[in-house]
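Right, one structure below, let's go through it.
All values below were derived from every heavy atom in this structure, side-chain atoms included, with hydrogens, water molecules and symmetry-related copies excluded.
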Amino acid sequence: MYDPERGWSLSFSGCGFLGFYYVGATRCLSERAPHLLHDARMFFGCSAGALHGVTFLAGVSIDLALQMLMDLVRKATARRMSTLHPSFNLGKCLRDGLEEILPDNVHQLVSGKICISLTRVSDRENVLVSEFRSKEEVVDALLCSCFIPFFSGIIPPTFRGVRYMDGGVSNNLPILDTRTTITVSPFYGECDICPKVKSTNFLHVTFTNLSFRLCLGNLYLLSRSFFPSNVKVMGEICLRGYLDALRFLEENGIYHGPQPCLKYPEEEAELDVTEACLEGPGPGPAEGEELLEHLRLSILPWDERILDSLSPPLTAALNKAIKDPGGFLSKVGNLLPVRILSYVLLPCTLPVESAIATVCRLVMWLPHIPDDVQWLQWLTSQVYARVTTCLLPASRSQVPESGQHASPRTTEGSSSGL
């Protein structure tokens with residue numbers, strides 16, 4: 001929670017492809033209450049929350065951040081099996097995107113300012129990493145924090161020679177002090193900035209430190225975190241993050257009208273964007289019509305006053321990211337007859353695409369084979385040791401039971417022989 005006297009931190013939970021929510025929430029805080037981001041003692045993040053925290057602290061512009069997320073969604077939805085298609089490699093897509101948008105000195109910009117939640121594979125203990133020596137270490141830590149076993153692959157990535165997986169397995173909402181941490185999550189729950197539902201259903205569970213309300217809305221969001229929908233739905237989630245952050249500011253008496261935006265390095269020269277923030281919220285009629293039309297159909301009941309609360313720069317950046325760069329071929333591929341034909345031919349095309357994807361992964365795996373094979377041997381020995389330790393007590397417990405049914409004469413004979 002927000003405590004101006006003792007200071008505050010911000011924590012972003014893991015949420016898969018719902019990271020758009022954090023872009024909208026952070027944009028709202030930067031426009032309406034920039035001191036919440038400037039004066040925060042520490043940023044905490046897990047999985048998608050860690051990705052957003054690093055890109056924000058590194059000064060990545062909102063256009064680049066949204067473009068990276070939209071490209072990831074397009075790659076995930078390009079195939080009929082979505083993220084389960086063999087050709088979709090989440091780790092490679094993330095690495096390529098991060099190496100492209102993150103500056104070379106990102107380790108200097110984020111060290112000591114963000115804690116990334118990781119889960120050590122060997123003992124499944126949670127580890128918070130906040131110091132980095134190079135850009136490669138930052139990327140490795142983010143990939144480890146985003147690695148979901150079996151969904152992202154079988155062999156987890158390494159950070160400084162140690163295998164880690166998704167921090168959400170052990171701590172999905174890292175917090176050091178609950179009284180001075182502003183928590184952010186795209187799921188319905190008890191976080192400070194999160195979707196709210198007016199319902200008498202108070203049932204909720206706490207899974208790895210994240211409060212999760214048991215409702216149909218969360219089931220839908222949970223499915224979208226693993227299997228993203230089209231880019232318009234992702235844009236809607238981003239704008240919902242903006243509105244939820246605005247409600248948090250109003251409820252805590254922090255919001256006092258429009259304030260100057262936090263300038264990113266690429267936005268310092270865009271005076272028209274900054275002036276739009278200073279003039280006040282409310283996108284123009286020609287700005288964001290495609291996205292706003294989707295909002296009118298999805299947010300029920302609809303209130304036109306919602307448009308007065310949205311950010312013009314955020315709406316413009318979302319509409320720019322939503323535009324399909326595929327051109328004519330992409331439009332043809334989205335036609336209903338073509339989509340039906342692709343589903344009909346899926347039994348024929350899937351084996352070929354799977355074979356090609358397997359060959360490509362094997363080629364990429366060649367430099368890492370020795371280390372990965374050694375780790376697989378260690379994992380096999382660990383599993384064998386645990387199985388034997390579980391079976392040995394059971395076998396030992398059967399020995400006294402058989403001795404109890406033995407005749408007294410046999411027992412005495414054995415003792416005399418000893």
Let me check something: any side-chain donor-acceptor pairs from residues 90-100 under 3.5 Å, sequence neighbours excluded? List them with distances.
unit_1: K92; atom_1: NZ; unit_2: D96; atom_2: OD2; d: 2.9
unit_1: R95; atom_1: NH2; unit_2: D140; atom_2: OD1; d: 3.1

Compile the donor-acceptor pairs under 3.5 Å between side chains in residues 359-370 and protein atoms, sequence neighbours left out, one pair per line.
unit_1: R361; atom_1: NH2; unit_2: P86; atom_2: O; d: 3.3
unit_1: R361; atom_1: NH2; unit_2: F88; atom_2: O; d: 2.8
unit_1: W365; atom_1: NE1; unit_2: D372; atom_2: OD2; d: 2.5

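When only modelled atom types and interatomic distance are considered, Q67 and D63 share no side-chain donor-acceptor pair under 3.5 Å. For the residue pair R27/Y22, the side-chain donor-acceptor check at 3.5 Å is not satisfied. Under the 3.5 Å distance criterion, with hydrogens and angles disregarded, no donor-acceptor pair is assigned to the side chains of S170 and R120.
Here the side chain of S185 pairs a donor or acceptor atom with the backbone of F187 at under 3.5 angstrom. Between the side chain of S61 and the main chain of L64, a donor-acceptor pair closer than 3.5 Å is present. Between the side chain of S111 and the backbone N or O of Q108, no donor-acceptor pair lies under 3.5 Å. Judged by distance alone, with hydrogens and angles left aside, the side-chain atoms of S47 form no donor-acceptor pair with the main-chain N or O of C146 at under 3.5 Å. Under a 3.5 Å cut-off, the side chain of D177 and the backbone N or O of R179 do form a donor-acceptor pair. Under the 3.5 Å distance criterion, the side-chain polar atoms of N172 are left unmatched by any main-chain donor or acceptor of L210. In this structure, the side chain of N319 engages the main chain of T315 through a donor-acceptor pair within 3.5 Å. At distances below 3.5 Å, at least one donor-acceptor pair connects side-chain atoms of S223 with backbone N or O atoms of Y220. Judged by distance alone, with hydrogens and angles left aside, the side-chain atoms of S225 form no donor-acceptor pair with the main-chain N or O of L18 at under 3.5 Å.
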Using the side-chain contact (heavy atoms from CB on, under 4.5 Å) rule, take H35 and W8 through it: C-alpha gap first, then chi angles, then the decisive distance, then the call.
CA-CA 11 Å; H35 67 282; W8 61 90; 4.0 Å; yes

Can D244 and C194 be said to form a side-chain contact (heavy atoms from CB on, under 4.5 Å), step by step?
CA-CA 6 Å; D244 289 339; C194 70; 5.9 Å; no

Intermediate values then yes/no, side-chain contact (heavy atoms from CB on, under 4.5 Å), F248 and I182:
CA-CA 10 Å; F248 165 76; I182 301 174; 4.0 Å; yes

Can T183 and S13 be said to form a side-chain contact (heavy atoms from CB on, under 4.5 Å), step by step?
CA-CA 8 Å; T183 54; S13 69; over 6 Å; no

Hey, mind stepping through N230 and T77 against side chain to side chain donor-acceptor pair (under 3.5 Å) and telling me if it holds?
CA-CA 7 Å; N230 59 70; T77 57; over 6 Å; no

Working for side chain to side chain donor-acceptor pair (under 3.5 Å), residues H204 and E190
CA-CA 9 Å; H204 70 277; E190 303 299 326; 4.5 Å; no

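Cation-pi geometry between R163 and W375 is satisfied (NZ or CZ under 6.0 Å from the ring centre, within 45° of the ring normal).
Using the six-membered ring where Trp is involved, F43 and F12 have ring planes that are parallel, under 30° apart on the 30 and 60° scheme. Ring planes of F226 and F151: perpendicular class, angle over 60° (limits at 30 and 60°).
Between P228 and V73, the shortest heavy-atom contact is CB-CG1, 4.1 Å. Of all non-hydrogen atoms in G24 and L314, the two that sit nearest each other are CA-CD2, 4.0 Å. Residues D192 and T181 approach most closely at OD2-O, 3.3 Å, considering heavy atoms.
Sorted pairs that involve residues 143-153 and meet side chain to side chain donor-acceptor pair (under 3.5 Å), not counting sequence neighbours, are lacking altogether. Within the structure, salt bridge (charged side-chain N to carboxylate O under 4.0 Å, His left out) pairs that include any residue of residues 340-352 do not occur (at least two apart or interchain). Listed by first and then second residue, the salt bridge (charged side-chain N to carboxylate O under 4.0 Å, His left out) pairs that reach into residues 129-139 are D104-K135, R133-E137, E137-R160, sequence neighbours excluded.
No close placement of the F207 and F212 rings is indicated, their centers lying 6.0 Å or farther apart.
Salt bridge status for K232 with E236: absent, with no side-chain N to carboxylate O gap under 4.0 Å.
Judged as a side-chain contact (heavy atoms from CB on, under 4.5 Å), and not counting sequence neighbours, the contacts of P103 are A58, N105, V106, L109.
No side-chain heavy atom of V169 sits less than 4.5 Å from a side-chain heavy atom of R124.
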